[in-house]
Number of protein chains: 2
Amino acid sequence: MDENIRKRLHEMRKNGYKITPQRQEIVNAFLDSSRKLPLSAEEVYMKVKEKYQNISLDTVYRNLAVLQNLKIINRVNFHDVKSRYELNPGGDHQHHMICLTCGSAEPINFCPLKLLSENNFAAEKNFEIREHTFELFGYCSTCRERAIIDNA
Amino acid sequence: MDENIRKRLHEMRKNGYKITPQRQEIVNAFLDSSRKLPLSAEEVYMKVKEKYQNISLDTVYRNLAVLQNLKIINRVNFHDVKSRYELNPGGDHQHHMICLTCGSAEPINFCPLKLLSENNFAAEKNFEIREHTFELFGYCSTCRERAIIDNA
DNA sequence: TCCTAAATAATATATATTCTTATTTACTAG
DNA sequence: CTAGTAAATAAGAATATATATTATTTAGGA
């Protein structure tokens, strides 16, 4: 996946974008992160700051927007106020199961939109679907097991 | 639906909540609203202010949280930053088609969770689902027709 | 190497939401 | 009906997220 992402990053040039060190490091923040939880703008900022002490939060936001437009990352809206972002290896989109205890976000292999299009939902309603959100919130297997042990 | 909501409002007392004039007026703001678009905290605030000039925005937020806990209203997270709220006549939940042009939100008669439970999705993943989000964003029939006319 | 559009840092600003505290009020038990 | 109390309130400060402005710097093509 890393190669796929790096390749798409370099293709930015074709569209008039420049590949600045800051921009690269922002992408690296995602590539380096082994965490399941997508990163907030603040977290990306802290990570990049390790290498570029002077980077401004504004630069992070601006780049997250650019990378999002190019579908290199996706923005995920969780229940907490701030938005989070994750790499988008397939260039498509991804839904998640988000644990209310530990905050981990596991991708789920299901998209409700496929069912709606099979049923001609949008055509019937005469509604042109452009985007959609779908996320599950609950308790992951790890946290559930831990809860059982704690109560024993 | 109004009666249902009012009945549930009065049942709050059983749980130690008080029915203050402000609280009632906040619920009225929703009952009076014929708009399809769920109300933002700010909009509720402006509405209630007509009757209680001194109400604070904090009171609105506090009550929206309480009413949400009691499932009298639902919070809907749209793409724009601020959250919105709507009455929940069924005491259940509701998904929407949100128009990116006019902002209207039409309820949709479909919940992806039903399909997941039919397929034992949660059991397989050992994930305990507690909440979920699902919203469609796009262009409603009215705005689409208008666009065609404008381009003619 | 030079030129220019793009990107950046720094700073200010906007907006949404929550917290703190002192005061008031709705309800309940007597 | 009254008094006591937990709950709710207003006011204002505080926090957090995100965006706008501007002057300066820089990536990368010519």
Side-chain angles (χ1 to χ4, degrees), chain A residues 6 9-29 37-70 72-73 75-85 103, chain B residues 6 9-29 37-70 72-73 75-85 103:
Chain A
R6 287 190 204 283
L9 178 64
H10 279 275
E11 285 169 357
M12 290 181 76
R13 262 188 276 245
K14 288 178 196 158
N15 305 319
Y17 292 105
K18 293 176 180 179
I19 304 185
T20 63
Q22 292 91 335
R23 182 161 286 169
Q24 259 183 305
E25 199 56 23
I26 286 168
V27 173
N28 281 339
L37 184 64
L39 303 171
S40 67
E42 186 72 23
E43 286 166 341
V44 172
Y45 175 65
M46 294 311 284
K47 188 70 177 35
V48 177
K49 221 177 157 74
E50 290 171 13
K51 194 158 179 181
Y52 300 100
Q53 290 81 7
N54 287 336
I55 194 168
S56 75
L57 189 53
D58 179 75
T59 297
V60 173
Y61 275 107
R62 193 164 10 81
N63 276 291
L64 290 175
V66 168
L67 294 169
Q68 205 189 336
N69 284 337
L70 297 172
I72 291 173
I73 61 173
R75 174 161 147 177
V76 191
N77 280 307
F78 290 175
H79 268 194
D80 54 357
V81 186
K82 69 177 82 168
S83 291
R84 293 175 174 277
Y85 305 81
Chain B
R6 286 190 205 283
L9 179 63
H10 279 274
E11 285 169 357
M12 289 180 75
R13 262 188 276 246
K14 288 179 196 158
N15 304 319
Y17 291 105
K18 294 175 179 177
I19 303 185
T20 64
Q22 292 91 335
R23 183 161 286 169
Q24 260 183 304
E25 199 56 24
I26 286 167
V27 174
N28 281 340
L37 185 62
L39 302 171
S40 67
E42 186 72 23
E43 286 165 342
V44 172
Y45 175 64
M46 293 312 284
K47 188 70 177 35
V48 177
K49 220 178 158 73
E50 290 171 13
K51 193 159 179 180
Y52 299 102
Q53 290 82 8
N54 288 335
I55 194 168
S56 76
L57 191 51
D58 180 73
T59 297
V60 172
Y61 274 107
R62 193 164 10 81
N63 275 291
L64 290 175
V66 168
L67 294 170
Q68 205 188 336
N69 284 338
L70 297 171
I72 291 173
I73 61 173
R75 174 160 148 179
V76 191
N77 281 308
F78 290 174
H79 268 193
D80 54 358
V81 187
K82 69 178 79 168
S83 292
R84 292 173 176 277
Y85 305 81

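Protein chains get the first letters and strands the later ones, always in sequence-line order, with residue 1 at the start of each. Here the structure is a predicted model, which means the values were calculated and not measured.
Contact annotation: B:Arg13 reaches the phosphate of C:dC27 (side-chain N/O to OP1 or OP2, under 4.0 Å). Between B:Arg62 and C:dT18, a side-chain N or O to OP1/OP2 separation shorter than 4.0 Å is absent. Phosphate contact (OP1/OP2 of C:dT17, side-chain N/O of B:Ser83, threshold under 4.0 Å): present.
Using a 4.5 Å heavy-atom threshold, the side chains of A:Gln22 and A:Val60 count as separate. The side-chain heavy atoms of A:Tyr45 and A:Leu57, taken from C-beta on, include a pair separated by under 4.5 Å.
Among the nucleotides D:dA10, C:dT17, C:dC27, the one closest to any side-chain atom of B:Ile19 is C:dC27. Among D:dA10, C:dT17, D:dG28, the nucleotide with an atom closest to any side-chain atom of B:Gln22 is D:dA10. Comparing D:dA11, C:dA26, D:dT9 by their closest approach to the side chain of B:Asp58 singles out D:dA11. The side chain of B:Ala41 lies closest to C:dT17 when the candidates are D:dA10, C:dT8, C:dT17. Relative to the side chain of A:Tyr61, the nucleotides C:dT28, D:dT17, D:dA10 differ in distance, and D:dT17 lies closest. The side chain of A:Thr20 has C:dT8 as its nearest neighbour among D:dG28, C:dT8, D:dA10.
Within the 4.0 angstrom heavy-atom criterion, only backbone atoms of the sugar-phosphate kind lie near A:Arg23; the bases stay farther away. Across all strands, A:Leu57 comes closer than 4.0 Å to no nucleic acid atom at all (heavy-atom distances). Nucleic acid contact class of B:Glu42 (heavy atoms, under 4.0 Å, all strands): none.
Distance alone, capped at 3.5 Å, places no donor-acceptor pair between the A:Arg23 side chain and the A:Asn63 backbone. Between the side chain of A:Arg84 and the backbone N or O of A:Val76 there is no donor-acceptor pair closer than 3.5 Å.
Mapping A:Lys18 and B:Asn63 onto DNA chain D via the closest heavy atom, the residue that lands nearer the 5' end is B:Asn63. Two residues, A:Gly16 and A:Ile55, neighbour DNA chain C, and the one matched to the more 5' nucleotide by heavy-atom proximity is A:Gly16. Remark on DNA chain D: of its neighbouring residues B:Met12 and B:Gln53, the 5'-side contact belongs to B:Met12, judged by nearest-heavy-atom nucleotide.
In summary, of the residues considered (B:Lys49, B:Lys51, B:Lys47), a salt bridge (Lys or Arg N to Asp or Glu O under 4.0 Å) with B:Glu25 occurs for B:Lys51 alone.
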